[in-house]
Amino acid sequence: MLAHPDAISSLSLSPDGLELVTAGHDASLRFWSLEKRTCTQEMTTHRIMRGEGVCSCVWSQDGKWVISGGGDGMVKVFAR
């Protein structure tokens, strides 16, 4: 699968193993259904700064949150 138009900097598997979140230098987070092998949602809330988009992403242990950190110096929390 081509996941992002630029480099992928981080990825995290959901606790139930059904979804994947990827973070890219294009400043987007993308959520993927592993069963369907398709992108189900794209979020572009970070900004590219110093050549970096989203640097890291992680799913919470309970699967309710996804946290991301970007080159813009922001940490963002998303409810799932």
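Source: prediction; values computed, not measured.
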Determine the minimum heavy-atom distance between G53 and I48, stating which atoms define it. CA-CG1, 4.3 Å
Check S56 against S9 and note the closest heavy-atom contact, atom names and distance. N-OG, 4.5 Å
Basic-acidic side-chain contact under 4.0 Å: R30, D26: yes
Once rounded to the nearest 0.5 Å, what's the spacing between atom SG of C39 and atom CG of L20? 10.5 Å
Taking side chain to side chain donor-acceptor pair (under 3.5 Å) as the test, write out the residues that go with R80, two or more places apart. E19, Q41
Inter- and intrachain pairs under ring-ring contact (aromatic ring centres under 6.0 Å, His included), touching residues 39-62, at least two apart: F31-W59
Set of residues satisfying side chain to side chain donor-acceptor pair (under 3.5 Å) with respect to T22, sequence neighbours excluded: H4, W32
Donor-acceptor pair, R50 side chain versus G71 backbone, under 3.5 Å? yes
Inter-residue atom distance E42.CD - S28.OG, 0.5 Å rounding: 4.5 Å
Note: L18 and S14 closest approach over all heavy atoms is N-OG, 3.3 Å
In short, S12 meets C57 closest at the heavy-atom pair CB-O, 3.8 Å
Cluster check L34, L11: I/L/V/M/F/W/Y, side chain < 4.5 angstrom: yes
Taking a hydrophobic cluster as the set of Ile, Leu, Val, Met, Phe, Trp and Tyr residues connected by side-chain heavy atoms closer than 4.5 Å, whether directly or through intermediates, do V75 and F78 fall within one such cluster? no
If you look at every heavy atom in D62 and P15, which pair is closest and at what distance? C-CG, 4.3 Å
I'd like to know if V54 and M43 are part of one continuous hydrophobic network [Ile/Leu/Val/Met/Phe/Trp/Tyr, side-chain heavy atoms within less than 4.5 Å]. yes
